[in-house]
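Worksheet for the structure shown next.
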Amino acid sequence: MLLLRDANTPAAVIRREDYSAPAFWIDTVHLSFDLDAAKTRVLNKMTLRRNPDVPAQALRLDGDELNLARVLVNGAGTSFKLDAGQLVLENLPLEGSFELEIFTTCAPAKNTKLMGLYVSNDSFFTQCEAEGFRRITYYLDRPDVMASFTVTLRADKAKYPVLLSNGNLTEQGDLEDGRHFATWVDPHRKPCYLFALVAGQLVCREQRITARNGREHLLQVYVRPGDMDKTEHAMASLINSVIWDEARFGLALDLERFMIVATSDFNMGAMENKGLNVFNTKYVLANQATATDIDFANIESVVGHEYFHNWTGNRITCRDWFQLSLKEGLTVFRDQEFSMDLCAEPSARAVKRIEDVRVLRTNQFPEDAGPMAHPVRPDSYIEINNFYTVTIYEKGAEVVRMMQTLVGRAGFAKGMTLYFARHDGSAVTCDDFAQAIADANPDSALSKLLPQFKRWYSQAGTPRLATTTHYDAAAQTCTLSFAQSCPATPGQEAKEPFVIPVSLGLVGASSGAALPLQLQGSSAAASDSHLFVMTQAAESITFENVLEEPVPSILRGFSAPVIVDFEYTDAQLLTLLANDPDPFNRWEASQRLALRCAIASIAADAVTTGTEGLDDATIAAMRSVLRHPTLDAAFKELVLTLPSESYIAEQLDLVDPQRIHAVREAMREQLASELAADWQWAYEAHCQNGGYRPDTLSSGRRALAGLALSMLCLAARRSGDTVWPGKAYQRFKDADNMTDRFNALSALVHTGHALATPALARFHSLFKAEELVLDKWFALQAGCTDRGGQVLPAVRQLLKHPDFNIRNPNRARSVIFSYCSANPGAFHRTDAAGYVFWADQVLALDAINPQVAARLARALDRWKKLVEPYRNAACEALKRVAAKSDLSNDVREVVSRALAD
Ligand code: PHE
Ligand code: ZN
């Protein structure tokens with residue numbers, strides 16, 4: 001047998017403009033696996049033919065860490081060579097189809113990258129997106145090559161009783177020596193990144209459903225034997241997903257059988273393999289004892305997301321990986337809409353929208369302003385794994401949402417129908433998608449502005465929308481003037497104007513009423529809200545019959561992923577917070593109020609100028625939201641939560657993380673003590689919620705009770721009161737659900753109360769057998785509020801804990817990422833020890849799992865904004881990582897972009 005190691009090829013830049021169609025097509029693939037953890041044998045029989053549109057050339061098949069044993073063409077031996085990991089065949093038939101047979105082996109037990117075929121808890125799993133299939137067999141590992149797959153799995157029957165792959169089970173039976181086999185045929189052609197197999201000791205919850213169109217389907221959720229009692233919610237979410245996609249978009253399930261399988265070892269959230277979705281256990285397993293409301297909500301979105309990929313991603317896939325947002329942006333948009341449509345109350349829809357925007361602004365805006373900034377459709381990459389980003393996913397979803405805003409909900413549904421009519425079964429581009437939505441709506445603004453609109457795909461960076469208003473009391477007109485700009489990003493100095501849909505309204509400054517909007521020069525009837533489609537660098541619009549001085553409510557519902565710069569007065573913000581009919585902008589007003597207090601405190605010598613903390617009017621406004629008779633608890637919780645440290649940091653040119661941390665903590669303590677009586681009321685009014693159900697209404701009540709309890713414990717810390725920490729401990733012990741239990745535990749841990757220690761010990765012993773709960777236990781400690789530098793030593797101890805395992809991505813994330821990426825107040829230390837720890841962990845992880853390491857590497861993305869001594873220390877840490885000669889491409893790309901000038 002020929003043993004082949006990876007060639008040490010230098011990292012090449014892949015460019016979108018270099019795309020060329022494949023020289024060969026693969027029509028059918030028969031894969032036979034002899035599964036063995038140490039050495040799995042893979043026989044790959046393909047039928048291929050030349051692509052007549054491309055000049056005749058050699059066949060180059062991708063491979064990675066494979067041992068090649070045999071290559072046959074039409075049953076006979078052939079000459080081949082290996083070049084930079086690729087298997088190259090020069091002398092292939094010029095005409096017609098031919099059969100290629102490749103026999104390789106791989107070592108799943110040694111596969112710590114979790115790409116390709118790997119072992120987790122004694123079962124086999126695969127992960128092929130983006131380029132993992134080449135770690136299973138030699139192949140044209142690119143999404144525009146779609147083939148029909150037949151898969152035979154053979155394995156020891158006792159160890160691996162369940163054998164799964166994509167499509168339908170056509171045959172199964174016993175073999176000699178205690179082995180058995182199963183053959184699966186996928187009725188749909190697919191790119192290899194959607195291939196999957198699973199083998200192991202698994203049990204499943206199953207449900208038969210009849211779709212609207214009368215077709216019957218078998219739905220299954222596979223888990224390890226002890227986890228059956230945590231599968232009900234995932235199954236319910238799957239059923240809801242099937243129903244929703246058919247109802248909203250007319251997209252029916254196209255498979256007899258649809259399977260979800262959970263694994264503890266997974267790099268990402270989940271994967272949409274055709275008919276065989278593989279999930280991180282975190283996004284499947286839940287019951288009230290082990291999962292929080294947030295976990296339940298995430299499971300619903302991720303199950304939906306992967307299911308919706310069955311059409312947006314699988315039936316129509318990406319031509320190349322630059323088009324990743326074609327499937328991801330669209331599918332995130334679809335899962336967001338799904339979760340919103342499942343909300344019973346309009347207010348719950350608004351809460352979901354606020355949460356989604358908060359994710360975008362705290363994660364994507366910094367990405368767009370940092371060294372890894374890239375367009376929604378990137379122009380180049382070194383490692384595609386680094387481009388599964390918040391820009392591709394969340395900003396991509398906002399781009400799709402703007403299209404829906406421009407063509408209307410019904411118009412968007414028509415556009416989707418046209419998209420499938422045109423492209424079903426093929427591999428296409430973002431242009432094809434936008435074209436279909438526009439063509440289905442020929443009279444829409446989208447159709448008229450399409451080339452300009454598509455700048456959202458090609459230009460990186462977050463646009464800023466500078467806005468001013470002029471009210472002419474005599475003429476009763478109000479003019480809003482807008483100027484857009486977009487900062488330079490790596491490789492893109494100057495930007496052209498975007499199409500920005502600005503949803504807006506006017507609120508009476510004294511009456512608080514929603515003022516009717518009568519656009520000057522328009523005969524349309526007055527309305528409460530107006531969609532202004534901005535296309536120029538600077539533009540203005542005027543409203544007439546504005547009877548009172550208005551406060552502008554700009555970018556309602558966050559109608560575009562931009563930053564609005566408007567010099568609101570405090571009074572104007574208070575008016576919006578109290579009266580804006582748009583719940584998003586109502587929340588936004590509260591954030592602006594808190595943000596401006598934070599920034600003033602950070603900037604000035606705030607103590608001497610007396611501007612420290614939240615001002616009285618903001619406190620009073622927060623109190624009236626908290627006590628409001630009709631607002632939802634979930635909405636109150638969002639308003640009363642101060643902007644995060646990282647969001648505050650984004651507003652500043654120079655970042656002193658310790659100062660931000662200190663100011664925000666001081667503001668939290670202020671809110672805690674000045675509203676003490678209100679928090680007590682809020683806690684008591686929301687702590688009883690009857691039998692547990694993870695619905696939006698009771699989740700919101702639990703969230704508000706949780707915030708109230710943490711505020712009461714924080715106030716107690718200052719006053720020395722022991723009543724509330726005692727109550728928190730009691731609630732921690734007595735809670736009948738994980739949400740209340742964990743909120744109580746967090747309140748004790750974050751305030752550093754003495755009861756935190758016994759509570760943490762008790763929590764560990766209660767849940768020592770529940771790995772997802774242990775992740776929470778680790779994450780809480782690593783994410784704990786820093787009070788004088790105690791967190792880092794605690795994190796170092798956690799790494800030595802017997803339950804810590806750096807090879808398990810969830811566990812690594814729960815400790816290392818919770819500290820480095822989610823706890824800025826503890827991570828940015830004046831002694832640089834946080835950065836030293838970061839560099840050590842990036843290097844340790846890189847040797848095991850480069851994808852996970854590269855995500856951690858991004859924790860120092862924004863080092864150039866830091867003040868000294870942080871800036872220099874961060875730079876040193878980055879350089880130390882970059883100096884390692886055998887870094888993965890993944891980490892190398894991230895640190896070299898961070899260090900580039
Ligand atoms: N395609 C997956 C999703 O978004 C994400 C993923 C990417 C999972 C790469 C694994 C590897 O649904
Ligand atoms: Zn996805």
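Counting starts at 1 for both ligands and their atoms, in listed order.
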_Going by the closest heavy atom to atom 7 (C) of ligand 1, which one wins out of His305, Met268, Glu306, Glu328?_
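Looking at heavy atoms only, Met268 sits closest to atom 7 (C) of ligand 1.
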
*Among the N, O or S atoms of His305, the one nearest the Zn ion (ligand 2)*: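 Result for His305 and the Zn ion (ligand 2): NE2.
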
*Do ligand 1 and Tyr393 have nitrogen or oxygen atoms that lie under 3.5 Å from each other?*
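There is such a contact, yes.
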
_Glu206, CD: over 12 other non-hydrogen atoms inside 6.0 angstrom_ =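 More than 12 heavy atoms, drawn from other residues, nucleotides or ligands, come within 6.0 Å of this atom.
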
_Taking backbone and side chain together, does Glu328 place any N/O/S atom at a distance below 2.8 Å from the Zn ion (ligand 2)?_
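It does; at least one qualifying atom falls short of 2.8 Å.
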
Give a yes or no on whether the ring-centroid distance for [X] and [Y] is below 6.0 angstrom.
X: Phe420; Y: Trp311; answer: yes
X: Phe279; Y: Phe266; answer: no
X: Tyr381; Y: Phe322; answer: yes
X: Phe412; Y: Phe333; answer: yes

*Where is the nearest protein heavy atom to atom 1 (N) of ligand 1: which residue, which atom, and how far?*
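Ranking protein heavy atoms by distance from atom 1 (N) of ligand 1, first comes Glu129 OE1, 2.6 Å.
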
Under 4.0 Å from a heavy atom of [X]: which atoms of ligand 1 are those, numbered in the order shown and with their elements?
X: Ala270; result: 2 (C), 3 (C), 5 (C), 6 (C), 8 (C), 12 (O)
X: His309; result: 3 (C), 4 (O), 12 (O)
X: Glu272; result: 1 (N), 2 (C), 3 (C), 12 (O)
X: Gln127; result: 10 (C), 11 (C)

_ring-ring contact (aromatic ring centres under 6.0 Å, His included), paired with Phe133, selected from Phe195, Tyr138, Tyr193_ =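 Testing each of Phe195, Tyr138, Tyr193 against Phe133, the sole residue satisfying ring-ring contact (aromatic ring centres under 6.0 Å, His included) is Phe195.
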
*What do we get for Lys327 next to ligand 1 when only non-hydrogen atoms under 4.0 Å count, side chain, backbone, both or neither?*
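Within the 4.0 Å criterion, Lys327 contacts ligand 1 through side-chain atoms alone.
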
*Taking the inter-plane angle between the rings of His305 and His309 on a 0 to 90° scale, is it parallel (under 30°), tilted (30 to 60°) or perpendicular (over 60°)?*
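Perpendicular.
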
